[in-house]
Amino acid sequence: MITVADNGAFCLQGKDYTYAMYVNDSGFLQHAYYGKKIEVADLEYLIGHICSKFAPTKGGLNYDMQFDNMPSECGFYAHGDYREPSVIIERSDGAAMSRLRYVSHKVYGGAPTLAGLPHARKGGDTLAVTLKDDFSDATVILNYTVYDDLNVLVRNAQIVNVGKEEFTLKKAFSFCVDLPDSEFDIMRLCGRWAAERTPVTSPIKYGITRLQSLRGSSSHKINPFAAFLRANCAEESGECYGVQLMYSGSFALTAESSADGSLRIQGGVNDTAFGWTLRAGESFTSPQAALCYSDGGTGKMSRHYADFLRECVIDPRYVYKKRPIVVNNWEATYFDFDNEKLFPIIDEAAKLGIDTFVLDDGWFGKRDSDTSGLGDWTVNEKKLKGGLKTVIDRCKKHGLKFGLWFEPEMISEDSDLYRAHPDWAIGKDGVQPCRGRNQLVLDLTRSDVVDHIFAAVSDVLANNDISYVKWDFNRDLTEMFSRKLDRQGEFAHRYMLGVYSLAERLTTAFPDVFFEGCAGGGGRFDAGMLYYFPQIWTSDDTDAYERAKIQWGTSMCYPVSAMSCHVSACPNHQTGRTVSIDTRGAIASLGATGYELDLSKMTDDEKSAVKAQIGRYGAIAELVLKGDLYRLCDPFDGNWFCVMLVAKDKNQAYVVGERIHAVPCDLIKTIKLAGLDADKTYAIDGTDIVASGRALMTAGIVLPMLGDFGSFTWKLKQIENDK
Ligand code: GLA
């Protein structure tokens, strides 16, 4: 709900939070409050008593420099606010100072549609506040969308040239929040290939903490997300704020703790070497940021984000739809396959209850290794005699669907496409390009390149019975330069706009094809990609211990249904570790489950185990799609991993646990369940436990005795004899 109070303050109320701001006497939009819900009537006291201390509210514009501690909704540059600005507007003479003041506002039902960018698909209610720069012809429109039933606030900014002279944005962040104190720890999700999204927490100290990617992708190394944790914040208690960008390219999130103790949190498109020119009438739209307040610890924040992404961002055609259970041939064959190697996998898949076979890298062009073929999206008939049709027919014979891997954004130098269009690769003549996995990146800032890829991928999809696409991206960008672009400062963001436009066009043209995102494992796992692809390959690391940690970190701000989770062969190809098929299945059941191994080489016992896993998954698939996640035992901080999914109506739940090492003296460990209805009675499948939610959440359950990497899965069901 959005209310404009009698004193002119804007009161934005989500389900359990309030965000407030007001226009002070001199016309500056000041931040007033963000936190646990307070009422509109409270704003009079809040603004009159607390906020007036912070800013030049009196005396009109004849002020001394006083902006340094004014809580602002959009930081401006070179005019007395020495904190990091949110926008920098550089005119043709180089002047870049600005002073942004309120002009008007508008409240409407719904959410803004951001053409060409991922965005919240629905409102809520939106407040759009227009600020005008006193010194240039720029206006900045700040959009805020709130939801009565969600705890996320969506923000972005649009900068418009309302004059005649062009100017260049040297920075155009999406949002800025000035909190009154810096008493927080900051949690970020960082990592590397095969070890994505490890939560790392450190205290906020004086100065700037900057999380950023300059890779042209959100990256394995750091996710476009941060959480700000109060000292009392734990998994299920205490306060925290989350910020996440709905953006998949080079980004920055910054937290600046100032001398007065305040904290400026902001972020958006990375401003390093950024420059975006606006001519008369043109505008720049920044990506959306999703802010979240939780008074129930990081666990509640994660559930808020999961609800928001499922309800407002992920494609509604797929978000709650049963996901395909796939077998993917990558780790079974790598590049070395032909029909004879694929058919036994397909034949076995059908017997085990798998419903989709996904043919990974290597089916096209001259693709026998990672040195060639990218860009040539025509079938390699040397490997696949009879073309894709033969493989698809084999799938159909068994009632299986067929999926196919593409890496649309890439080009190999050894490819027909490169021989025809060497200038389509990103780079500058005379500069030696960096290769990543032996490949170059296509210049998606160019519409002719995007058109070509769209046509090539469409041709394959239109002429074959394909129900699933895995869209990969296996290297980061370097030499960011387009031979066709006038202003190279626009390159990184324009590349991302090219990716989004290709994704938009393909998912629109092929509405019945299910798209999975991927980036050398989980190198582009973000809300931007989730707008187009309902699930993303979480990591190339499928070792059931490492994967448990990766999925734990990923769940901080993404729903489990967004994570593709596969059972792979042992010894594991990334770690060499051998873990039971049961534990591999248990961890892979905590997401969109599937398989990634040569099914035909499994023992009979393993095949029976897989069949049973798929059967059991059917019973918990709804919980994965729609349930609430509770993280119970942190594998980064102890010898156990344990999480549970609880149905919204609290009638069912699913608990998965893994003991990391068999060490002495941690055998009698009690675990308290969470999220249940205290007054309901639950039976736990496969045990003789029947107990109230209250008892399970307070007294807990003694964990089973397990060896190294042993696991358990419990299905809880409410039983009818409730009082
Ligand atoms: C990436 C993906 C893998 C596989 C390979 C194919 O590494 O993460 O799953 O598709 O590419 O080259």
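Order of appearance sets the numbers: ligands from 1, and atoms from 1 within every ligand. Since the structure is predicted, the reported quantities are computational estimates derived from the model, not experimental observations.
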Identify, for atom 8 (O) of ligand 1, the protein heavy atom at the shortest distance, and state residue, atom and that distance.
-> Asp540 OD1, 2.5 Å
Per the ring pair (Phe, Tyr, Trp, His ring centres under 6.0 Å) rule, which among Phe515, Trp471, Tyr500, Tyr318 passes with Tyr532?
-> Tyr500
Note: Arg437, heavy atoms under 4.0 Å from ligand 1, region reported as side chain
Any N or O of Glu596 closer than 3.5 Å to N or O of ligand 1 = no
Atom 2 (C) of ligand 1: nearest protein contact (heavy atom, Å) | Asp472 OD2, 3.1 Å
So which bit of Asn474 gets within less than 4.0 Å of ligand 1, heavy atoms only: side chain, backbone, both or neither?
-> side chain
Do Asp605 and Thr603 have a side chain donor and acceptor closer than 3.5 Å?
-> no
Could you see which bit of Asn328 sits under 4.0 Å from ligand 1, with heavy atoms only: side chain, backbone, both or neither?
-> neither
How long is the gap from OG1 on Thr371 to CZ on Arg437, to the nearest 0.5 Å?
-> 10.5 Å
Would you say the side-chain atoms of Tyr531 and Asp315 include a donor-acceptor pair closer than 3.5 Å?
-> no
What class does the angle between the rings of Trp405 and Phe364 fall in, given that below 30° is parallel, 30 to 60° is tilted and above 60° is perpendicular?
-> parallel
Answer with side chain, backbone, both or neither: which part of Glu407 has a heavy atom less than 4.0 angstrom from an atom of ligand 1?
-> neither
Are Lys470 and Trp537 in a cation-pi setup, meaning NZ or CZ lies under 6.0 angstrom from the ring centre and within 45 degrees of the ring axis?
-> yes
Could an N or O of ligand 1 be found under 3.5 Å from any N or O of Cys518, whether backbone or side chain?
-> no
In ligand 1, which numbered atoms sit nearer than 4.0 Å to a non-hydrogen atom of Gly520?
-> 1 (C), 7 (O), 8 (O)
Considering only the protein, which heavy-atom contact is closest to atom 5 (C) of ligand 1, and what is its distance?
-> Trp330 CE2, 3.5 Å
Starting at OG of Ser250, measure out to CZ of Arg215 and round the result to the nearest 0.5 Å.
-> 9.5 Å
Residue and atom name of the nearest protein heavy atom (relative to atom 9 (O) of ligand 1), distance in Å to one decimal | Lys470 NZ, 2.8 Å
For atom 10 (O) of ligand 1, the protein heavy atom that lies nearest, with its residue and separation = Asp360 OD1, 2.6 Å
Could you see which bit of Ala519 sits under 4.0 Å from ligand 1, with heavy atoms only: side chain, backbone, both or neither?
-> neither
Decide whether a cation-pi geometry holds between Arg419 and Trp424; the criteria are a distance under 6.0 Å from NZ or CZ to the six-membered ring centre and an angle within 45° of the ring axis.
-> no
Which atoms of ligand 1 sit under 4.0 Å from any heavy atom of Trp537?
-> 8 (O), 9 (O)
Worked verdict on Phe491 versus Phe481 for ring-ring contact (aromatic ring centres under 6.0 Å, His included) | CA-CA 7 Å; Phe491 181 90; Phe481 185 88; 8.1 Å; no
Can the positive tip of Lys401 be found less than 6.0 Å from the middle of the six-membered ring of Tyr468, inside 45° of the ring normal?
-> no
For Asp361, counting its heavy atoms only, list the atoms of ligand 1 lying under 4.0 Å from any of them.
-> 6 (C), 12 (O)
